[in-house]
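All remarks here apply to the structure that follows.
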Number of protein chains: 2
Amino acid sequence: MIEREFFLGFIKIHILYHASKEPIFGVGIAKELSRHGYYLSPGTLYPTLHRLVKEGYLTQDSKLVGGKVRKYYTITDSGLEVLKQARDKIRELVDEVLDRR
Amino acid sequence: MIEREFFLGFIKIHILYHASKEPIFGVGIAKELSRHGYYLSPGTLYPTLHRLVKEGYLTQDSKLVGGKVRKYYTITDSGLEVLKQARDKIRELVDEVLDRR
DNA sequence: CCTGCCGATATTGCGATACGATATTATATT
DNA sequence: AATATAATATCGTATCGCAATATCGGCAGG
């Protein structure tokens with residue numbers, strides 16, 4: 001896919017956004033993203049989630065669902081802060097790129 | 001800087017957008033981007049421009065300006081196509097992340 | 001003129017990232 | 001017990017990001 005270089009940040013913002021609405025988990029968010037036409041292979045998805053945890057934007061906690069461990073991710077204050085910044089940048093991008101000025 | 005991971009794609013879209021309005025060159029686009037609070041060091045800017053050329057989104061041609069060679073970049077049809085896709089994705093991002101539904 | 005500065009582009013080197021492929025773990029189905 | 005399915009994890013390689021550094025040609029000021 002050609003798009004990746006331009007839209008990978010979009011995907012990460014989506015992840016933060018969904019995590020701000022409710023706890024998310026790997027496969028769940030992958031399906032959610034695919035509804036928007038974004039596809040992340042496990043080799044990208046999991047390292048990304050882990051990095052977002054390491055950087056303090058998400059927290060992780062394990063839950064047993066149907067006998068299987070599932071890792072849920074929830075947004076942190078720091079993550080909400082980045083999401084707020086993202087909203088501002090998106091508005092700016094809209095004003096600029098969509099010619100609304 | 002935290003933002004980079006999320007917003008680098010934004011920067012590239014800005015570059016394509018400006019290149020669609022008029023030919024751009026390295027230092028010029030760097031200044032333009034800084035008006036939006038985006039800063040690209042030469043080590044990022046030039047490889048990025050070259051890659052966009054290699055991938056067929058921009059074309060490069062040299063011009064003499066004040067006795068010095070300056071490399072101007074112009075958008076290609078393929079670049080315009082990505083820009084169109086970007087507009088759609090941005091609208092989608094706005095609808096989703098800015099809670100306008 | 002020459003020395004240093006400025007505008008502009010290029011390159012190097014290393015650490016971080018992206019991602020397909022593969023593995024792992026556990027339950028459910030046949 | 002074999003197969004499928006759900007979910008997460010990891011490995012290896014290629015690519016990217018970026019600060020630092022280099023280059024190159026004008027243009028002062030002295």
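Proteins get letters first, then strands, A, B, ... in listed order; numbering begins at 1 in each. Since we're looking at a predicted model, the values are computed, not measured.
- Judged by the 6.0 Å distance and 45° axis criteria, A:Lys63 is positioned over the aromatic ring of A:Tyr72.
- Distances shown here put a side-chain N or O of B:Arg4 below 4.0 Å from the OP1 or OP2 atom of D:dC18.
- Residues A:Leu33 and A:Leu40 meet the side-chain proximity criterion, which asks for heavy atoms closer than 4.5 Å.
- A:Tyr17 does not carry A:Lys12 over the face of its six-membered ring by the limits of under 6.0 Å from the centre and within 45° of the normal.
- When the C1' atom of D:dA14 is taken as reference, atom CD of A:Glu5 falls 14 Å away, rounded to whole Å.
- Residues from residues 37-45 of chain B placing a heavy atom under 4.0 Å of any atom in DNA chain C, listed by number, are B:Pro42, B:Gly43.
- With hydrogens and angles disregarded, a donor-acceptor distance shorter than 3.5 Å links the side chain of A:Arg87 to the backbone of B:Val97.
- In this structure, CZ of A:Phe6 is placed 17 Å from P of D:dT15, rounded to the nearest angstrom.
- Contact check for A:Asp88 versus A:Gln85: no side-chain heavy atoms found under the 4.5 Å cut-off.
- In this structure, A:Lys71 places its NZ atom 6 Å from C1' of D:dT8, rounding to the nearest Å.
- Between A:Arg70 and A:Pro47, the one whose closest nucleotide on DNA chain D sits nearer the 5' end is A:Arg70.
- The distance from atom CD1 of A:Ile29 to atom C1' of D:dT8 is 15 Å, rounded to the nearest whole Å.
- If you walk DNA chain C from 5' to 3' and mark each nucleotide with an atom closer than 4.0 Å to a heavy atom of chain B, the marks span C:dA8 to C:dT11.
- Between A:Glu92 and A:Lys89 there is no salt bridge, since no side-chain N of the basic residue sits under 4.0 Å from a carboxylate O of the acidic one.
- Each of A:Lys68 and A:Arg51 lies near DNA chain C, and the nucleotide nearest A:Arg51 is the one positioned closer to the 5' end.
- Of the possible donor and acceptor atoms, one in the side chain of B:Thr48 sits under 3.5 Å from a partner among the backbone N and O of B:Thr44.
- Aromatic ring centres of B:Phe6 and A:Tyr57: separated by under 6.0 Å.
- If you check residues 10-25 of chain B against DNA chain D, the residues with a heavy atom closer than 4.0 Å are B:Lys12, listed by number.
- D:dA7 atom C1' lies 12 Å from atom CG of A:Leu49, rounded to whole Å.
- Taking a 6.0 Å sphere around CG of A:Asp61, one finds it holds more than 12 heavy atoms contributed by other residues, nucleotides or ligands.
- Side-chain atoms of A:Glu96 and B:His18 form a donor-acceptor pair, as typed in the model, at a separation below 3.5 Å.
- A distance-only check finds a donor-acceptor pair linking the side chain of B:Thr76 to the backbone of B:Gly79 [under 3.5 Å].
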